[in-house]
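These notes are about the structure you will find just below.
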Amino acid sequence: MINGIVSATLVGVLLSLAKICFSGMSVILFMLIVLGGTHLTLLAILLVRREGRQVLSAGKRYPELYLVGVLGTTLRLLQNWGLDLSSPVNAAILLRGDLLFSLIIGYLLWKQKLRRLEWAGMGTMLVGVTLVLQISWQRFRLGSGGNILFLGSAFLVAVNAEIIKHRLGQVENMIVAYFNSGMSLILFLSGAAWTGELGAFPRAGMLIWVLVFTSIIFQVIQYRCYYRSLEGLPTWLVRVVHLITPIIAMVTSAWWLHERINMAQILGMLVVAGGITLIYGAHAKSYS
């Protein structure tokens with residue numbers, strides 16, 4: 001559970017860091033630099049640990065490693081494409097669909113069932129997230145083409161998590177992260193070359209570059225914590241914990257970008273904390 005919370009927290013921090021960095025470089029270049037730096041950092045760690053042969057062996061034995069990287073890149077692109085065609089309100093609602101898809105997949109494939117306390121905790125968290133994000137269901141429209149992309153992205157998040165947990169459970173999580181970041185690097189590099197952005201090196205200030213390198217470090221830690229959480233928790237529970245991501249993003253944005261937080265959002269944070277407590281208590285009870 002701790003690994004899941006750290007992972008979700010870092011994702012929220014990374015979102016705020018990215019928002020700041022976009023003032024000095026494009027989205028594609030930012031993702032290319034961060035994922036490229038993450039990939040090289042993981043490679044250095046694996047070489048220091050003398051696990052180069054394990055990387056080659058895993059690449060031959062587990063083709064799912066490449067699939068995880070492709071799916072990870074695709075779901076990021078679907079999110080951004082959907083946001084361009086739809087509204088942030090719809091994105092905030094529909095991207096939470098990864099939890100629903102994880103529950104459906106877990107039940108159909110592994111017959112996983114939730115206790116009443118776990119349902120109560122999950123429902124509480126969803127209410128809290130609605131308050132934090134200031135979601136207006138009156139402004140929600142399902143007919144937008146971008147909403148299909150949001151649902152597709154949410155579905156791929158759930159599928160990717162299941163592949164990592166149930167097909168790559170024997171692969172060391174650092175190696176999974178290495179292949180994931182590597183495939184993303186290749187695809188974003190291809191995208192930057194195709195759009196002509198590869199030759200346009202960003203003229204960002206020193207602060208932006210410090211935040212970019214900080215993002216690389218955080219991304220390495222986030223990968224490791226996320227995969228370790230998948231090793232010890234059901235996929236649906238990992239996705240539930242990641243409901244705190246938008247809260248962390250909002251708090252860090254308020255701190256760094258001076259965005260305001262109202263009382264309803266503060267109440268939402270407390271509700272989410274209560275939901276996490278319920279779910280953690282139920283999960284701990286099931287293993288006691």
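Basis for what follows: all heavy atoms, side chains included, without hydrogens, waters or symmetry-related copies.
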### Summary
Between the CD1 atom in Ile105 and the CD atom in Glu162, the distance rounded to the nearest 0.5 Å is 5.5 Å

### Task
Provide the closest heavy-atom pair for Arg49 versus Glu51 in the form atom of the first, atom of the second, distance.
NH2-OE2, 3.0 Å

### Connected via hydrophobic side-chain network under 4.5 Å: Val11 and Leu230
no

### Task
Decide whether Leu15 and Ile261 are clustered together by the hydrophobic rule: side chain heavy atoms of Ile, Leu, Val, Met, Phe, Trp, Tyr closer than 4.5 Å, transitively.
no

### Task
Look only at the side chain of Thr74 and the backbone of Val70, and say whether a donor-acceptor pair between them is shorter than 3.5 Å.
yes

### Query
Can you list the steps and then say if Val34 with Leu14 is a side-chain contact (heavy atoms from CB on, under 4.5 Å)?
CA-CA 10 Å; Val34 170; Leu14 284 166; 5.7 Å; no

### Query
Can you name the nearest heavy-atom pair linking Cys21 to Val212, along with the distance?
SG-CG2, 3.9 Å

### Message
Do Ile20 and Ile208 have side chains that approach each other closer than 4.5 Å (heavy atoms only, starting at C-beta)?
### Response
yes

### Message
Please check: side-chain N/O of Gln265 versus main-chain N/O of Asn262, any donor-acceptor pairing under 3.5 Å?
### Response
yes

### Distance, nearest 0.5 Å, that separates CE of Met25 from CH2 of Trp209
4.0 Å

### Short side-chain to backbone donor-acceptor contact, Asn160 and Val68, under 3.5 Å
yes

### Query
Is the closest side-chain heavy-atom distance between Ser215 and Phe30 below 4.5 Å?
yes

### Ile276 reachable from Leu270 in the ILVMFWY side-chain graph, under 4.5 Å edges
no

### Task
State, to 0.1 Å, how close Gly268 and Val132 come at their nearest heavy-atom pair, and which atoms those are.
C-CG2, 3.6 Å

### Task
Output, in order, the C-alpha distance, side-chain angles, deciding distance and verdict of side-chain contact (heavy atoms from CB on, under 4.5 Å) for Met1 and Leu237.
CA-CA 9 Å; Met1 182 70 79; Leu237 184 52; 4.2 Å; yes

### Task
Apply side-chain contact (heavy atoms from CB on, under 4.5 Å) to the pair Phe179 and Val55, showing each step before the final yes or no.
CA-CA 9 Å; Phe179 277 90; Val55 173; 3.9 Å; yes

### Message
If I take atom OG from residue Ser229 and atom CD1 from residue Ile2, how far apart are they, to the nearest 0.5 angstrom?
### Response
11.5 Å

### Query
Tyr62 versus Gln170: any side-chain heavy-atom pair under 4.5 Å?
yes

### Query
Trp119 versus Leu103: any side-chain heavy-atom pair under 4.5 Å?
yes

### Task
Mind listing the closest non-hydrogen atom pair of Phe188 and Leu32 along with its distance?
C-CD1, 4.1 Å

### Query
If Ile, Leu, Val, Met, Phe, Trp and Tyr residues are connected whenever their side-chain heavy atoms lie under 4.5 Å apart, and connections chain through other members, are Val157 and Ile104 in the same group?
no

### Query
Hey, does the side chain of Ser181 reach the backbone of Leu35 with a donor-acceptor pair shorter than 3.5 angstrom?
no

### Task
Kindly compute the distance separating CZ (Phe155) from CD1 (Ile148), expressed to the nearest 0.5 Å.
13.5 Å

### Message
Just so I know, are the side chains of Leu99 and Leu243 near enough to count as touching, which here means a heavy-atom distance under 4.5 Å?
### Response
yes

### Message
Tell me if a side-chain donor or acceptor on Ser184 pairs with a main-chain N or O of Asn180 at a distance below 3.5 Å.
### Response
yes

### Message
Quick check: do Leu42 and His39 have side-chain heavy atoms less than 4.5 Å from each other?
### Response
no

### Query
Is there side-chain contact between Met269 and Val251, with at least one heavy-atom pair below 4.5 Å?
yes

### Backbone N/O of Gly12 and side chain of Thr245: donor-acceptor pair under 3.5 Å
no

### Query
Do Ile248 and Ile266 share a hydrophobic cluster, counting only Ile, Leu, Val, Met, Phe, Trp and Tyr and linking them when any side-chain heavy atoms are less than 4.5 Å apart?
yes

### Task
Can you measure from CG (Asn3) to CD1 (Ile221) and round to the nearest 0.5 angstrom?
11.5 Å

### Task
Can you see which heavy atom on Phe218 is nearest to which on Leu10, and at what distance?
O-CD1, 3.8 Å

### Task
Heavy atoms only: give me the nearest Gln222-Ser7 pair and the separation to one decimal.
NE2-OG, 2.9 Å

### Query
Any sub-3.5 Å donor-acceptor pair from Ser153's side-chain atoms to Leu149's backbone N or O?
no

### Query
Would one find more than 12 heavy atoms of other residues, nucleotides or ligands at under 6.0 Å from atom CZ of Phe22?
yes

### Task
Would you check, one step at a time, whether the test side-chain contact (heavy atoms from CB on, under 4.5 Å) holds for Trp236 with Leu114?
CA-CA 10 Å; Trp236 69 266; Leu114 273 65; 3.9 Å; yes

### Query
Ile163 pairs by side-chain contact (heavy atoms from CB on, under 4.5 Å) with which of Thr235, Val176, Leu65, Leu71?
Leu71

### Task
Indicate yes or no: at least one non-hydrogen side-chain atom of Trp256 is less than 4.5 angstrom from one of Lys19.
no

### Task
With rounding to the nearest 0.5 Å, note down the distance linking CD1 in Ile28 to CG in Leu189.
11.0 Å

